[in-house]
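To keep things clear, I will list the structure first and then write my remarks on it.
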There are 2 protein chains.
Amino acid sequence: MVSTEENFANLLRNHHLKVTNARLEVLAVIAGYGAAVSQPVLEKLIGTGIDRVTLYRILNTFEEKGILHKVIDLNGTANYAMCSTACTEHQHHDEHIHFNCTNCHKVYCMHSYILPNVDAPEGFNIQSLNLSVNGICKNCNNE
Amino acid sequence: MVSTEENFANLLRNHHLKVTNARLEVLAVIAGYGAAVSQPVLEKLIGTGIDRVTLYRILNTFEEKGILHKVIDLNGTANYAMCSTACTEHQHHDEHIHFNCTNCHKVYCMHSYILPNVDAPEGFNIQSLNLSVNGICKNCNNE
DNA sequence: TTAAGTGCAAAATCTTTGCAAATGT
DNA sequence: ACATTTGCAAAGATTTTGCACTTAA
């Protein structure tokens with residue numbers, strides 16, 4: 001079995017990105033977090049190792065390349081989560097439900113739920129759907 | 001028939017807020033806009049009559065009191081729309097679909113669509129749902 | 001009269017940009 | 001070697017706070 005770090009390196013290579021320490025660390029933290037993460041939280045988790053500007057640029061690059069998808073939470077803050085392998089530079093497939101915990105503000109991707117169909121009114125064209133559920137997550141309920 | 005301005009004044013009184021020019025103007029602009037409005041757009045529509053800080057404070061107060069509801073759009077920007085009469089200081093009822101135009105960035109409240117039921121996974125409690133639809137609005141399709 | 005609301009200045013965030021130095025391939 | 005990536009400094013954008021002045025009730 002290949003190490004996790006090697007998997008991340010391959011992920012970067014597959015998207016024609018250079019393998020740098022900063023990028024590997026961002027991937028490791030996000031993949032290990034278990035929920036979508038915001039830039040401020042990421043910054044705390046990572047510590048002083050990576051400059052804030054670099055972090056912003058890494059997140060933007062990863063989103064453009066289809067490595068991460070961006071989820072806007074209840075407060076309008078951007079949160080990032082690993083994309084499914086179906087995401088590419090040209091098309092994001094982010095059609096699942098996001099659960100926003102109103103207590104700890106974690107954002108969970110609920111891959112097992114399927115979005116409903118919605119018919120657009122006359123004159124409107126639908127490109128994508130985004131269903132957010134707000135409530136209390138399992139962690140917070142057990143405290 | 002009572003004038004619109006008098007209706008707005010009553011709306012403010014009903015929520016125990018003083019009737020001021022700034023508040024009446026904000027209500028008039030938002031009610032006349034036909035979609036949810038962001039603070040920057042509101043500021044342009046209103047012009048120099050109201051200080052930016054006052055505008056922020058009015059929007060916050062209106063949201064707290066249940067006069068406006070806040071809709072976060074695709075970019076994480078807060079947009080404000082008139083609440084239905086079912087909204088109070090203690091409980092917002094904002095359970096309708098929001099249509100985000102990816103071209104003009106207007107946010108439409110689709111009151112005629114009903115949200116689907118979602119069952120929460122074990123341990124999670126759902127408080128509210130938020131379904132955003134992204135696409136091209138009628139206005140932009142006709143240009 | 002007096003509590004609530006407003007305007008201005010200034011601070012606190014959050015995010016982006018420009019450029020020189022460092023790094024991966 | 002060379003294009004990419006990074007760090008730092010600085011600018012831009014957005015939102016909040018403090019305080020004195022004004023206004024609605």
Side-chain angles (χ1 to χ4, degrees), chain A residues 5-6 8-29 36-65 67-68 70-80 89 105 107, chain B residues 5-6 8-29 36-65 67-68 70-80 89 105 107:
Chain A
E5 177 163 334
E6 189 51 34
F8 291 148
N10 283 330
L11 182 62
L12 291 172
R13 288 190 199 100
N14 290 342
H15 291 88
H16 311 103
L17 294 172
K18 289 189 179 175
V19 179
T20 66
N21 287 335
R23 286 173 174 164
L24 289 174
E25 185 158 3
V26 169
L27 288 177
V29 171
V37 221
S38 64
Q39 186 279 332
V41 172
L42 258 180
E43 202 175 309
K44 276 174 209 114
L45 292 174
I46 289 174
T48 52
I50 304 178
D51 187 77
R52 173 176 300 159
V53 174
T54 302
L55 182 51
Y56 274 106
R57 286 195 272 228
I58 288 177
L59 293 174
N60 284 336
T61 304
F62 284 3
E63 200 211 349
E64 282 168 16
K65 297 288 184 175
I67 294 177
L68 296 179
K70 177 157 67 170
V71 190
I72 304 292
D73 69 17
L74 288 179
N75 309 299
T77 307
N79 291 68
Y80 296 88
E89 182 163 357
H105 300 291
V107 178
Chain B
E5 178 164 334
E6 189 51 33
F8 291 146
N10 283 330
L11 182 61
L12 291 172
R13 287 188 199 102
N14 291 341
H15 290 88
H16 311 103
L17 294 173
K18 288 190 181 175
V19 179
T20 67
N21 286 335
R23 285 174 175 166
L24 290 174
E25 185 158 2
V26 169
L27 287 177
V29 171
V37 222
S38 65
Q39 186 280 332
V41 171
L42 258 181
E43 202 175 308
K44 275 174 209 113
L45 293 174
I46 290 175
T48 52
I50 304 178
D51 186 76
R52 172 175 301 157
V53 174
T54 302
L55 182 49
Y56 273 106
R57 286 195 272 227
I58 288 177
L59 294 174
N60 284 336
T61 304
F62 283 4
E63 199 212 349
E64 282 168 15
K65 297 290 183 173
I67 294 177
L68 296 178
K70 177 156 67 169
V71 190
I72 302 293
D73 70 16
L74 288 178
N75 309 300
T77 307
N79 291 68
Y80 296 87
E89 183 165 356
H105 299 291
V107 178

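Per chain, numbering begins at 1; letters A, B, ... match sequence-line order.
Here the CD1-CZ distance, from Ile67(A) to Arg23(A), works out to 8.0 Å after rounding to the nearest 0.5 Å. The line from CD of Glu25(B) to CD1 of Ile50(B) is 4.5 Å long, rounded to the nearest 0.5 Å.
Taking atom CG of residue Asn21(A) and atom C1' of nucleotide dA22(C), one finds them 12 Å apart after rounding to whole Å. Atom pair Glu63(A):CD and dT16(C):P shows a separation of 11 Å (rounding to whole Å applied). One interatomic measurement links the two molecules: OH of Tyr80(B) to C1' of dT15(D), which rounds to 10 Å at whole-angstrom precision. Distance, Arg13(A) CZ to dT4(D) C1': 16 Å, rounded to whole Å. Rounded to whole Å, the distance from CG on Asp51(B) to C1' on dT23(D) is 16 Å. At whole-Å resolution of the value, CZ in Phe62(A) and P in dT6(D) are 8 Å apart. As rounded to whole Å, 10 Å separates atom P of dT16(D) from atom CD of Gln39(B). Nucleotide dT16(C) holds its P atom 11 Å from the CG atom of Asn75(B), rounded to whole Å.
A donor-acceptor distance shorter than 3.5 angstrom exists from the side chain of Asp51(A) to the backbone of Val53(A), with no hydrogens or angles considered.
Contact check, Asn60(B) against dT16(D): a side-chain N or O comes under 4.0 Å of OP1 or OP2. Proximity of Arg57(B) to the phosphate of dT6(C): no side-chain N or O atom is located under 4.0 Å from OP1 or OP2. OP1 or OP2 of dT23(C) has not a single side-chain nitrogen or oxygen of Thr20(A) nearer than 4.0 Å. Within the 4.0 Å cut-off from OP1 or OP2 of dT16(D), not a single side-chain nitrogen or oxygen of Tyr56(B) is found.
Counting any heavy atom pair closer than 4.0 Å across all strands shown, Arg52(A) reaches a base atom. Within the 4.0 angstrom heavy-atom criterion, only backbone atoms of the sugar-phosphate kind lie near Gly49(A); the bases stay farther away.
The side chain of Val53(B) sits closest to dA9(C) out of dT6(D), dT6(C), dA9(C).
A donor and an acceptor atom, one from each side chain of Arg57(A) and Asn60(A), are nowhere located under 3.5 Å apart.
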